[in-house]
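Take a look at the structure set out below.
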Amino acid sequence: MTHDGPHTGRRVLITGGTSGIGRACVERLCREGARVWALGSREDGAAALARDVPVAGTGVCDVGDPGQVERAVAEAAEAMGGLDGVFVNAGVDGQALPASRLDPGAFRRLLDVNVVGALTTARAAARVMPPGSAIVFNASVNALRPERHFADYNASKAAVVAIAKTMALELAPEITVSAVCAGYFPTRMTRPYLDDPAAGAEILAQIPAGRVGELPEVAALVAFLLGPEARYMTGAVVTIDGGRSV
């Protein structure tokens, strides 16, 4: 159930909104009064979200397909009468291999989703956004501090940061653009690493806070950046990683 809050009346689109960080942001924004349209990659995930959370609507979209992205953004904007915010969140993981062993085809697919998909989503949304709107990209701490065996993922998230900064310059002062560089949070993507005793111990050893993040923590940050109080933060690249990037 929604109530009056900092996002009351605002219309927000979230890609990758049916699980993990995206879903946590959907839930937070709905509680804060926003009308939220969530996109996911699978019908069952979108249906489950719609059953559990009072979203304005859901859709299924492969963000690696520019045509699907354009149609999905247009559908959300038409259904809600426009867009005041978008969290560009959908992405896929890397191959977890040394750079010398990366498969070029899989690398291109990752770039299509993480980079081209992010740009396509943001530009489609920006076309229908009024002044005072906000775009938040989900990048990664890997954009700032590369991780071994993830050259593909590292490169894609560094590109997302560059896109966010460029769009901040191009869209100011009408639209605020920022990027979140998140560390490890318990999601479908990170669970295999966190649940592995050796890999999990190695990850924790690199985090000064001594723990992984909690989903409500990153949701609170994204909600703030999408709101009117963050308008002067355009171009910001904000880390939330327990100190890993220090």
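Quick caveat: nothing in here was measured; it's all calculated off a predicted structure.
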If you group Ile, Leu, Val, Met, Phe, Trp and Tyr by side-chain heavy-atom gaps below 4.5 Å, do [X] and [Y] land in one group?
X	Y	answer
F185	Y193	no
V136	W37	no
L221	I135	no
V73	V63	yes
F224	V180	yes

Are [X] and [Y] within salt-bridge range, i.e. N to O under 4.0 Å?
X	Y	answer
R211	E217	yes
E70	R127	yes
R148	E202	yes
D62	R109	yes
R23	D52	yes

Does any part of the side chain of [Y], heavy atoms only, come nearer than 4.5 Å to the side chain of [X], both counted from C-beta?
X	Y	result
P186	R191	yes
R35	V12	no
L111	V116	no
I163	R123	no

Mind listing the closest non-hydrogen atom pair of [X] and [Y] along with its distance?
X	Y	result
R188	R42	NH1-NH2, 4.3 Å
V212	L204	N-CD2, 4.0 Å
V60	Q68	O-OE1, 4.5 Å
I207	G242	CG2-O, 3.6 Å
D84	P130	OD1-CG, 3.7 Å
K157	S140	CG-CB, 3.6 Å

- [ ] Mind running side-chain contact (heavy atoms from CB on, under 4.5 Å) on T187 and L215 for me, showing each step along the way?
- [x] CA-CA 9 Å; T187 68; L215 291 175; 4.2 Å; yes

Separation of [Y] [atom2] from [X] [atom1] (nearest 0.5 Å):
X	Y	atom1	atom2	value
L110	D103	CG	CG	11.5 Å
D112	F107	CG	CZ	11.0 Å
M167	S178	CE	OG	12.0 Å
L39	I14	CG	CD1	9.5 Å
D152	Q95	CG	CD	5.0 Å
N154	H149	CG	NE2	11.5 Å

- [ ] Not counting sequence neighbours, which residues clear ring pair (Phe, Tyr, Trp, His ring centres under 6.0 Å) with Y184? List them please.
- [x] none

- [ ] Check step by step if side-chain contact (heavy atoms from CB on, under 4.5 Å) holds for D93 and F150.
- [x] CA-CA 9 Å; D93 200 6; F150 285 95; 3.7 Å; yes

Within the side chain of [X], is there an N or O that forms a donor-acceptor pair under 3.5 Å with the backbone of [Y]?
X	Y	answer
R10	G85	no
D241	S245	yes
N89	N138	no
T176	T234	no
S133	M129	no
H7	C30	no

- [ ] Begin from the C-alpha positions of V92 and Y153 and carry the test side-chain contact (heavy atoms from CB on, under 4.5 Å) through to its verdict.
- [x] CA-CA 8 Å; V92 294; Y153 185 76; over 6 Å; no

Task: side-chain contact (heavy atoms from CB on, under 4.5 Å) assessment of E170 paired with K165 - done: CA-CA 9 Å; E170 294 173 352; K165 289 182 175 182; over 6 Å; no

